[in-house]
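Residues: numbered from 1 along the sequence shown.
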Amino acid sequence: MQTEVSVLSFISAALVLFPLPWYVRAGNIAAMSIGIWLFIVNVVNAIDALQWAGAYQIPSLLWCDITSALVTAFNVAIPSACLCICIHLERMASFCQTSTFVTKRCRILLECLMCFGVPLMYAALHLIVQPRRFDVYENFGCRSAIYPSVVALFIVWIPPLVLSLLTLIFCGITWRHFLLHGVQFSRTRASSSLTCGAYIRLVSMAVSEVICTIAATVVAMSFNLSSGLAPWADFTRDLTEILSFSSAATPSSITAMLIIEWALVVAQSFFFIGLFVFGEEGRSRLHEALQVMRRAVSFCGGRSTCIAELKGTSMIQRYVLLYHQQISSEYI
């Protein structure tokens with residue numbers, strides 16, 4: 001199982017980087033942040049699966065502190081970014097947004113705050129309901145500990161659900177505006193990078209991502225609150241305490257929760273890359289990338305052959321052979 005976790009996580013981490021250059025050129029900070037957060041969490045899951053395969057010791061406290069906080073912040077990072085995407089698309093479809101330098105700068109600042117500032121603030125607030133430093137699970141790595149109480153309900157689990165529901169509401173409003181002004185939108189955005197197809201794919205991506213977030217939040221909340229809410233008066237905090245669980249000592253419900261959370265991150269990654277590749281611009285970018293790889297492979301192969309032919313030749317003959325090899329590789 002751990003081999004599949006690490007391999008799929010590394011593949012997902014590599015794939016989510018593919019659309020980022022297009023989103024950077026389009027100035028879509030929210031979509032770019034989704035790719036960044038998915039890349040971070042996939043890399044963390046892959047490394048944890050390799051590091052803690054058959055072990056539950058702690059090789060690095062700093063690594064666990066950082067990764068557990070990043071995984072916690074990821075819970076609200078995705079719905080926050082999707083909410084920004086839907087708000088921007090709604091304003092475009094309703095023709096309420098004026099394209100000026102000031103409005104664009106304000107939108108970029110707001111999206112940076114929502115996509116990176118809010119998740120980091122959420123991870124900091126998580127310390128309020130964190131009874132110990134972190135928990136370590138064999139085969140899965142480090143996770144933040146949560147004291148199951150009413151306070152944790154409002155700090156940990158309700159914010160992702162609220163952001164996800166707001167995203168779905170704005171998606172519905174966005175889709176309504178698009179149906180009402182679809183013809184006008186297609187005419188005004190004909191020369192823009194955001195075509196009707198790209199618009200629909202962004203809305204679909206936002207819906208898919210927040211549905212996965214809702215599922216992950218509901219699963220985590222149900223498993224953590226399966227024994228009921230603990231009274232806040234009994235809460236104690238010891239940030240020097242670390243609990244390590246072997247696979248035999250880990251409850252089956254916790255193991256199932258960790259597997260479901262990992263699978264949902266992989267699903268979010270494939271939604272992110274899949275809906276981009278389905279578009280015309282995605283296919284063209286994929287074709288360009290394949291052409292670059294093909295030329296690089298052919299150039300490297302031709303260069304190695306040319307180097308083998310250069311042995312025993314003069315310096316002038318070497319330059320001539322390298323020149324002809326480079327010219328011929330450009331026409332492959």
Side-chain angles (χ1 to χ4, degrees), residues 16-17 19-41 69-70 72-125 158-182 184-210 213 268 272 275-276 279 281:
V16 296
L17 294 177
L20 290 187
W22 186 78
Y23 288 130
V24 170
R25 285 193 293 269
N28 195 335
I29 304 297
M32 184 177 63
S33 70
I34 293 177
I36 293 173
W37 281 106
L38 287 172
F39 172 79
I40 291 173
V41 175
L70 289 175
T72 300
F74 175 78
N75 295 330
V76 298
I78 299 299
S80 295
C82 292
L83 179 60
C84 291
I85 290 175
C86 291
I87 291 175
H88 178 56
L89 294 179
E90 187 273 335
R91 292 181 64 83
M92 291 181 61
S94 60
F95 298 96
C96 295
Q97 179 170 290
T98 57
S99 181
T100 63
F101 174 76
V102 176
T103 57
K104 186 176 181 180
R105 185 177 62 179
C106 291
R107 180 176 66 86
I108 290 175
L109 291 176
L110 177 62
E111 290 184 355
C112 289
L113 178 64
M114 288 288 293
C115 298
F116 299 102
V118 170
L120 296 179
M121 185 183 303
Y122 173 81
L125 290 174
I158 287 183
L161 293 177
V162 170
L163 290 171
S164 299
L165 291 177
L166 286 175
T167 301
L168 292 178
I169 291 173
F170 269 96
C171 281
I173 298 173
T174 300
W175 187 248
R176 177 178 176 273
H177 284 310
F178 182 75
L179 292 178
L180 292 175
H181 309 101
Q184 184 181 358
F185 180 86
S186 61
R187 290 175 179 174
T188 56
R189 308 297 299 184
S191 60
S192 173
S193 59
L194 185 63
T195 60
C196 289
Y199 185 96
I200 294 173
R201 285 191 299 276
L202 282 173
V203 175
S204 302
M205 182 190 70
V207 172
S208 304
E209 298 290 338
V210 296
T213 299
Q268 287 176 306
F272 180 74
L275 292 172
F276 175 78
E281 53 280 317

Taking side chain as C-beta onward, heavy atoms only, is Phe39 less than 4.5 Å from Leu17? yes
Side-chain contact test, heavy atoms from C-beta onward, threshold under 4.5 Å: evaluate it for His88 versus Leu202 and give yes or no.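 No, too far: nothing below the 4.5 Å cut-off.
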Using the rule side chain to side chain contact (heavy atoms under 4.5 Å, CB included), only one of Leu168, Ile78, Ile169, Thr167 pairs with Leu83; which is it?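 When Leu168, Ile78, Ile169, Thr167 are each tested with Leu83, the side chain to side chain contact (heavy atoms under 4.5 Å, CB included) holds only for Thr167.
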Any idea which heavy atoms bring [X] and [Y] closest together, and the distance?
| X | Y | answer |
| --- | --- | --- |
| Ser33 | Ala30 | OG-O, 2.6 Å |
| Asn75 | Pro160 | O-CB, 3.6 Å |
| Ile29 | Cys112 | CG2-SG, 3.9 Å |
| Val76 | Val118 | CG2-O, 4.3 Å |
| Leu20 | Gly35 | CD2-CA, 3.9 Å |

What distance separates [X] [atom1] from [Y] [atom2], expressed to the nearest 0.5 Å?
| X | Y | atom1 | atom2 | value |
| --- | --- | --- | --- | --- |
| Glu209 | Leu38 | CD | CG | 5.5 Å |
| Leu120 | Leu113 | CG | CG | 10.0 Å |
| Asn28 | Arg107 | CG | CZ | 7.0 Å |
| Gln268 | Met205 | CD | CE | 11.0 Å |
| Thr213 | Leu165 | OG1 | CG | 11.0 Å |
| Ile85 | Tyr23 | CD1 | OH | 7.0 Å |

Mind jotting down which residue pairs meet the salt bridge (Lys or Arg N to Asp or Glu O under 4.0 Å) criterion with at least one end in residues 72-86? Sequence neighbours excluded, please. none
Partners meeting side chain to side chain contact (heavy atoms under 4.5 Å, CB included) with Leu110 (sequence neighbours left out): Met114
Would you find a donor on one side and an acceptor on the other, under 3.5 Å apart, between the side chain of Ser80 and the backbone of Ala77?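 No; zero donor-acceptor contacts below 3.5 Å.
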Quick one: does any side-chain atom of Trp37 pair with a main-chain N or O of Ala73 as donor and acceptor, under 3.5 Å? no
